[in-house]
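Take a look at the structure set out below.
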Amino acid sequence: KVTELVLDNCRSSNGEIEGLNDSFKELEFLSMANVELTSLAKLPTLSKLRKLELSDNIISGGLEVLAERCPNLTYLNLSGNKIKDLGTVEALQNLKNLKSLDLFNCEITNLEDYRDSIFELLQQITYLDGFDQEDNEAPDSEDDDDEEGDEDDEDEDEDEAGPPGEYEEEDDEDDGGSDLGEGEEEEEVGLSYLMKEEIQDEDDDDDYVEEGGDEEEEAEGIRGEKRKRDPEDEGEEEDD
């Protein structure tokens, strides 16, 4: 049931690593970097293997074994090995699913028109030493998975939080309602205030009229007293 196996820096014996055999039928990723492999003659049959790391070994040929035992390879790293000529790489033509090949730090990279020759020889591959024919860098599958996971998390967060704008609209509506309420309160206060002022004005007018009436009554009373006194004065004068 093992799908990934990393044996980097282990030591091979007679071109094989003890324990690595055909029982790993589900293996999809195998890494054997720097294990002093001299050939692939004893590589077990791994029909589901897609990625094979063989960097920093002593492999100089015999690559035809890969098509026989790992026919579904999509990625092969042979960097840092003893591969010198195009004839050695030609054996990889039978890996029909191969998309990425790494020969970095191999002597073959010193050949003139190395990249163009490899792309012409292995027309099924898209990336050589991490770059395509247009010098575009190969995407990192792990980074892509992380980015997809982040995007999914963001989408979930947005779904949970609800579409932006709903809350803003509600806030705007609430603000509008509160403004209207304040306006109505101000209007009511203004009307009641004016009503009070009018009532007070009417009361003041009544008081003024009543006060005026009292003064007139007092004035008439004084006149009446004078009139009463005047006849007496006249009578006294006549007696004199």
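Heads up: numbering here begins at 1 and tracks the sequence.
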Only pairs under 3.5 Å count here: list side-chain donor-acceptor contacts from residues 65-75, not counting sequence neighbours, and write none if there are none.
residue : atom : partner : partner atom : Å
Arg69   : NH1  : Ala41   : O            : 2.6
Arg69   : NH1  : Leu43   : O            : 2.7
Arg69   : NH2  : Ala41   : O            : 3.3
Asn72   : OD1  : Asn97   : ND2          : 3.4
Asn72   : ND2  : Ser47   : O            : 2.6
Thr74   : OG1  : Arg50   : O            : 3.2
Tyr75   : OH   : Glu53   : OE2          : 3.4

Nearest 0.5 angstrom please: Ile125 CD1 to Gln123 CD, how far? 10.0 Å
Where do Asp102 and Asn77 come nearest, in terms of heavy atoms and distance? CB-OD1, 3.4 Å
Out of Leu49, Leu20, Leu30, which residue meets the side-chain contact (heavy atoms from CB on, under 4.5 Å) rule with Pro44? Leu20
Kindly work out whether a path of hydrophobic side-chain contacts (I/L/V/M/F/W/Y, heavy atoms less than 4.5 Å apart) joins Leu98 to Tyr127. no
Mind listing the closest non-hydrogen atom pair of Ser12 and Val35 along with its distance? OG-O, 2.8 Å
According to the salt bridge (charged side-chain N to carboxylate O under 4.0 Å, His left out) rule, which pairs have a member within residues 3-15, sequence neighbours left out? Arg11-Glu36
Nearest-0.5 Å distance, CD1 of residue Ile118 to CD of residue Gln133: 11.5 Å
Any donor-acceptor N or O pair under 3.5 Å, side chains Asn9, Asn34: yes
Any heavy-atom pair between the side chains of Phe104 and Thr109 that's under 4.5 Å? no
I'd like to know whether NZ of Lys82 has more than 12 heavy-atom contacts from other residues, nucleotides or ligands below 6.0 angstrom. no
Please find the pair of heavy atoms, one from Gly80 and one from Cys106, that lie closest to each other, and give the distance. N-SG, 3.8 Å
Checking side chain to side chain contact (heavy atoms under 4.5 Å, CB included) for the pair Leu92/Leu121: CA distance, chi angles, key distance, verdict? CA-CA 9 Å; Leu92 299 177; Leu121 184 65; over 6 Å; no
Same hydrophobic cluster for Leu103 and Ile58, using side-chain heavy-atom links shorter than 4.5 Å among ILVMFWY? no
Spell out, yes or no, whether Leu78 and Leu111 are grouped together once hydrophobic residues are joined by side-chain heavy atoms under 4.5 Å, including indirect joins. yes
Rounded to the nearest 0.5 Å, how far does CG of Leu46 lie from CZ of Phe24? 9.0 Å
Asn110 side-chain N/O to Ile108 backbone N/O, donor-acceptor pair under 3.5 Å: no
Do Phe29 and Leu95 belong to the same hydrophobic cluster, where Ile, Leu, Val, Met, Phe, Trp and Tyr are linked whenever their side-chain heavy atoms lie under 4.5 Å apart, directly or via other members? no
Enumerate the salt bridge (charged side-chain N to carboxylate O under 4.0 Å, His left out) contacts for residues 120-138, please, sequence neighbours excluded, ordered by first and then second residue. none
I'd like to know whether Lys25 forms a side chain to side chain contact (heavy atoms under 4.5 Å, CB included) with Lys48, so could you lay out the CA-CA distance, the side-chain angles of the two residues, the decisive distance to 0.1 Å, and finally the verdict. CA-CA 7 Å; Lys25 294 180 180 181; Lys48 291 187 177 182; over 6 Å; no
Interatomic spacing from CD in Glu90 to CG in Leu63 - rounded to 0.5 Å: 11.5 Å
Closest non-hydrogen contact found for Ser117 with Leu86 is CB-CD1, 3.9 Å
For Asp56 versus Asn81, what's the shortest heavy-atom pair and its separation? N-ND2, 4.1 Å
Measure the CD1-OG distance between Ile59 and Ser39 for me, rounded to the nearest 0.5 Å. 7.5 Å
Quick check: closest heavy atoms across Leu54 and Leu76, and the distance to 0.1 Å? CD1-CD1, 4.3 Å
Can you tell me how far apart CE (Met32) and CG (Asn57) are? Round to the nearest 0.5 Å. 7.5 Å
Looking only at atom types and distance, does a side-chain atom of Asn105 sit under 3.5 Å from a main-chain N or O of Ser79, one as donor and one as acceptor? no
